[in-house]
Amino acid sequence: MKRFFYIDFLKAFGIILVVFGHVYQVHDNFYYFIYSFHMPLFFLLSGVFFKYGISIKELLKKRINSMLIPYIFFYIVTYLYWLFIERNMRAESGGVSTEWWKPIIGLFVESPNHNFMAHNNPLWFIPSLFSIEIMACYLTKKYKKSKLYIVSLLLLLSTLWSTLHITLPFGLVMACCCFTFFILGHEIQFMNNIKQLSKQYYILLFLFIISFIYINKWGGYATNFSLFNPNIKYIFHFYMMALYMIAFSIVTVKCIEPYISKISIISKCISFIGTNTLIILCLHDPLKRAVIFLFSKLTETSMIDIRQDLLLSSYCVIIIFILLVPIITIYNKWIVPILKKQVIL
């Protein structure tokens with residue numbers, strides 16, 4: 001499949017925000033900015049390339065190789081690291097003190113109330129995306145002209161399940177919440193329409209002003225809506241802010257992409273990050289905890305102070321990405337061929 005640089009740019013931008021949001025823990029406007037849209041952006045981008053009309057059997061064949069096998073691999077590797085190394089060395093470190101058996105359940109079922117993915121929380125995205133694609137494959141084929149009603153029903157169910165404290169397998173609650181963004185990614189005909197935005201800087205200015213006002217006035221309301229625990233009280237603010245910030249990001253990236261693509265070293269870094277977002281998503285959280293721990297020892301600064309300082313958090317994010325480069329290279333060169341050989345379909 002042909003790769004588009006501005007799609008990799010958007011993915012790189014999104015995953016950098018994900019990592020930064022997991023390191024920096026001050027509830028200021030920058031925090032609200034990150035958490036208002038970074039995961040909805042990934043669901044939207046996933047919807048851009050989803051092929052409607054594909055059979056569930058064909059979809060499963062593709063996703064077992066590209067999604068489920070890497071998910072299980074990274075889940076097991078990070079769980080073993082947490083179980084035998086991190087859990088014993090640092091009992092107090094962002095949820096690493098949970099019972100040993102809970103992450104085994106978390107492989108299939110995630111719940112914020114039970115901490116089933118405490119060893120590597122960001123992995124929730126993969127089963128949720130898988131569930132969304134299965135839903136999209138079935139529902140859009142069966143109800144081609146009723147997507148709006150499908151979205152409304154799923155949103156209603158997600159808030160209902162949250163109210164009743166129902167835990168569902170494979171991220172179905174989060175899938176229902178974010179199905180809207182996935183469908184929107186396809187419906188806006190991204191590849192055709194985005195090309196018309198490159199010189200419309202007034203759109204960028206307008207979106208920036210609206211986003212700035214929204215973050216300052218309602219940022220806290222938007223981030224109170226959790227994908228793990230949807231609350232209908234904040235759902236409007238969440239979707240409004242997410243859509244504004246996604247639009248702002250798309251227009252911004254499209255405006256600066258022609259200039260960035262001409263700078264070889266920067267464009268190569270962006271492409272590298274953008275093509276490896278899945279690996280970064282799966283590994284950055286345990287690596288983050290290790291980096292913050294070691295950084296605190298070297299600088300004699302508490303981990304809390306590091307995570308509440310924008311500059312120190314930035315240093316940690318840079319270190320995380322530098323450490324991920326050799327890990328990603330090893331995974332792509334040696335691990336991927338081994339995993340593919342084990343799957344016979």
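Note that the structure is predicted; figures quoted are calculated from it, not measured.
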Aromatic plane relationship, Phe42 with Phe125 - under 30° parallel, 30 to 60° tilted, over 60° perpendicular: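 Correct class here is perpendicular.
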
Phe43 and Trp124 aromatic ring geometry - parallel, tilted or perpendicular at 30°/60° bounds: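 Correct class here is tilted.
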
Any pair counted as ring pair (Phe, Tyr, Trp, His ring centres under 6.0 Å), so long as it reaches residues 308-334, sequence neighbours left out: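 Listed by first then second residue: Phe73-Tyr331, Phe74-Tyr331.
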
Restricting to non-hydrogen atoms, name the atom on [X] and the atom on [Y] that form the minimum distance, rounded to 0.1 Å.
X	Y	answer
Ser128	Ala175	O-CB, 3.6 Å
Phe295	Leu312	CE2-CD2, 3.9 Å
Ser296	Thr301	CB-O, 2.8 Å
Asn332	Pro337	O-CD, 3.8 Å
Leu41	Ile246	N-CD1, 3.8 Å
Gly14	His38	O-CB, 4.4 Å

Within 6.0 Å of CD1 in Ile265, more than 12 heavy atoms from elsewhere: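 At most 12 heavy atoms, drawn from other residues, nucleotides or ligands, come within 6.0 Å of this atom.
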
Counting C-beta onward and ignoring hydrogens, is there a side-chain heavy-atom pair between [X] and [Y] closer than 4.5 Å?
X	Y	result
Val253	Cys255	no
Met67	Glu133	yes
Ile328	Phe272	yes
Val18	His284	yes
Leu129	Phe182	yes
Leu123	Thr78	yes
Phe130	Leu60	yes
Ile54	Cys137	yes

Sequence-distant partners of Phe5, side-chain contact (heavy atoms from CB on, under 4.5 Å), two or more places apart: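 Expected list: Phe9, Glu257, Ile260, Ser261, Ser267, Ile270, Ser271.
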
Without swapping roles, check the side chain of [X] against the backbone of [Y] for a donor-acceptor pair under 3.5 Å.
X	Y	answer
Ser131	Phe170	yes
Arg307	Tyr24	no
Lys102	Phe116	no
Arg289	His119	yes

Can you tell me how far the [atom1] atom of [X] sits from the [atom2] atom of [Y], to the nearest 0.5 Å?
X	Y	atom1	atom2	answer
Leu311	Ile306	CG	CD1	11.5 Å
Cys282	Tyr71	SG	OH	9.5 Å
Leu17	Met245	CG	CE	9.0 Å
Ile335	Ile69	CD1	CD1	13.5 Å

Qualifying residue, where the test is ring-ring contact (aromatic ring centres under 6.0 Å, His included) with Tyr79 and the options are Tyr75, Trp82, Tyr81: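 It is Trp82, the one option of Tyr75, Trp82, Tyr81 that forms the ring-ring contact (aromatic ring centres under 6.0 Å, His included) with Tyr79.
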
Salt bridge (charged side-chain N to carboxylate O under 4.0 Å, His left out) between Glu58 and Lys61, intermediate numbers included: CA-CA 5 Å; Glu58 188 179 353; Lys61 183 178 179 180; over 6 Å; no

